[in-house]
> 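One structure follows; several queries about it will come next.
Numbering of ligands and ligand atoms starts at 1, following listing order. This is a predicted model, so every value here is computed, not measured.
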Amino acid sequence: MNLAYKRKIRRAFDRSAARYEKSAAFQAEIAREVALRARGFEAVAGAVADLGCGAGALGRELAINGAPRLLVALDISGAMARRARQNGIPYAIQGDAESLPLRDGSLDMVVSSLALQWAVDLERAAREAARVLRRGGVLTGAMLGRATFWEMRVALREAMDGPASLLARGAFHPMPAYEEVEGALGAAGFHEVDAATSRRERRYDSAPAFLRELKELGAQTSPGLGALGLGRRKLMERFFDRYHQRFPFQGGVRATYEVIFFSAARRR
Ligand SMILES: C[S@@+](CC[C@H](N)C(=O)[O-])C[C@H]1O[C@@H](n2cnc3c(N)ncnc32)[C@H](O)[C@@H]1O
């Protein structure tokens with residue numbers, strides 16, 4: 001994956017920034033859980049950076065029980081950072097988690113909620129987090145793991161006949177496996193790594209409604225189904241059929257989110 005792919009991700013979030021919060025109930029729920037975990041560390045009272053802040057949900061949660069002394073929120077999407085400023089996070093700026101515009105050792109804590117799964121190179125993002133933390137500083141957050149939306153992969157594979165199913169691989173943004181998260185944090189020099197995975201099932205009225213929500217959130221970017229060309233519409237119909245047949249749930253359909261919660265400390 002390359003810079004062009006990263007630009008595609010940024011643009012999708014730029015486009016969704018204005019209406020992001022309307023569809024982000026699940027993201028708000030996870031931000032609350034991440035804030036709760038962050039409050040378990042003394043470092044939360046110091047200088048904190050929120051990577052991939054979106055509209056600022058995590059920063060607002062952290063501020064509820066006494067704000068960090070300083071909160072810098074960064075998002076690769078300038079429109080999202082603007083939205084966070086409008087939502088009361090004054091130091092929300094455009095910035096890439098894989099190349100942080102922050103000084104070495106300048107922070108007590110780095111937090112992030114449901115953003116790092118978008119990193120093109122997770123180990124690089126982990127190294128950047130380690131670089132900007134002081135010795136003993138804490139990284140904590142959550143990101144989506146590989147099992148996320150596994151139902152979509154099954155339905156798409158079944159909707160595609162024969163060799164076309166190979167294309168299904170490029171149809172989804174690759175999310176990291178649990179071991180990759182642990183591995184990236186270890187390789188970046190963190191210790192006391194604690195990672196736990198949690199599967200959450202959500203109900204949607206229908207498979208198209210599910211995909212619509214992903215689009216509203218800006219989370220629809222994938223390496224591409226472009227090669228399917230004219231066959232795409234037919235394929236989508238078959239995909240929706242398969243999804244409804246295989247994954248019915250409470251009068252609608254279900255989708256699984258694998259949330260990987262992680263914490264780690266920079267070596268002293
Ligand atoms: C699903 S949203 C989560 C936003 C927010 N943390 C929340 O919980 O509502 C993911 C965010 O990560 C941002 N993002 C994606 N790749 C990024 C990167 N490399 N650096 C910084 N932000 C990134 C996106 O622009 C988007 O705003």
> Taking atom types as modelled, is there a side-chain donor on Thr148 or Glu258 under 3.5 Å from an acceptor on the other?
no

> Is Glu216 salt-bridged to Arg19, cutoff N-O under 4.0 Å?
no

> Could you establish whether Leu51 and ligand 1 come within less than 4.0 Å of each other, counting only heavy atoms on the residue side?
no

> Which residue holds the protein heavy atom closest to atom 12 (O) of ligand 1, what is that atom called, and what is the gap in Å?
Ala115 CB, 3.4 Å

> Atoms of ligand 1 less than 4.0 Å from Ser113 heavy atoms?
3 (C), 5 (C), 6 (N), 8 (O)

> Below 4.0 Å from any atom of ligand 1, is there a heavy atom belonging to Ala24?
no

> Show, in sequence, the C-alpha distance, side-chain angles and deciding distance for Met109 and Leu107, and conclude whether the side-chain contact (heavy atoms from CB on, under 4.5 Å) test is met.
CA-CA 6 Å; Met109 178 176 258; Leu107 298 170; over 6 Å; no

> Give the residue and atom name of whichever protein heavy atom lies nearest to atom 9 (O) of ligand 1, and the separation in Å to one decimal.
Tyr20 OH, 2.9 Å

> Consider ligand 1: state whether an atom of it lies below 4.0 angstrom from any non-hydrogen atom of Gly95.
yes

> Please list the nearest protein heavy atom to atom 5 (C) of ligand 1 with its residue and the distance rounded to 0.1 Å.
Cys53 O, 3.3 Å

> Any N or O of Ile76 that comes nearer than 3.5 Å to an N or O of ligand 1?
yes

> Taking atom types as modelled and ignoring hydrogens, do the side chains of Ser198 and Arg200 form a donor-acceptor contact shorter than 3.5 angstrom?
yes

> Among all protein heavy atoms, pick the one closest to atom 25 (O) of ligand 1 and tell me residue, atom and distance.
Asp75 OD1, 2.5 Å

> For the residue pair Trp150 and Phe247, is the inter-centroid distance of their aromatic rings smaller than 6.0 Å?
yes

> Give a yes or no answer on whether the side chain of Arg203 reaches the backbone of Gln250 with a donor-acceptor pair at less than 3.5 Å.
yes

> Would you call the rings of Phe149 and Phe210 parallel, tilted or perpendicular if under 30° counts as parallel and over 60° as perpendicular?
perpendicular

> Does the N or O separation between Gly52 and ligand 1 drop below 3.5 Å for any pair?
yes

> Contact between Leu114 and ligand 1, counting heavy atoms under 4.0 Å?
yes

> Return a yes/no value for Ala97: is any of its N or O atoms, backbone included, closer than 3.5 angstrom to an N or O of ligand 1?
yes

> Flag the pair Glu98 / Glu128 as yes when at least one side-chain heavy-atom distance between them is below 4.5 Å, and no otherwise.
no

> With a 4.5 Å cut-off on side-chain heavy atoms, are Val111 and Leu58 touching?
yes

> Look only at interatomic distance and state if Trp118 has a nitrogen or oxygen under 3.5 Å from any nitrogen or oxygen of ligand 1.
no

> Which of the numbered atoms in ligand 1 are below 4.0 angstrom from a heavy atom of Met80?
27 (O)

> Pairs of nitrogen or oxygen atoms closer than 3.5 Å, one from Asp96 and one from ligand 1: do any exist?
yes

> Measure the acute angle between the ring planes of Trp118 and His173, then classify it against the limits of 30° and 60° as parallel, tilted or perpendicular.
tilted

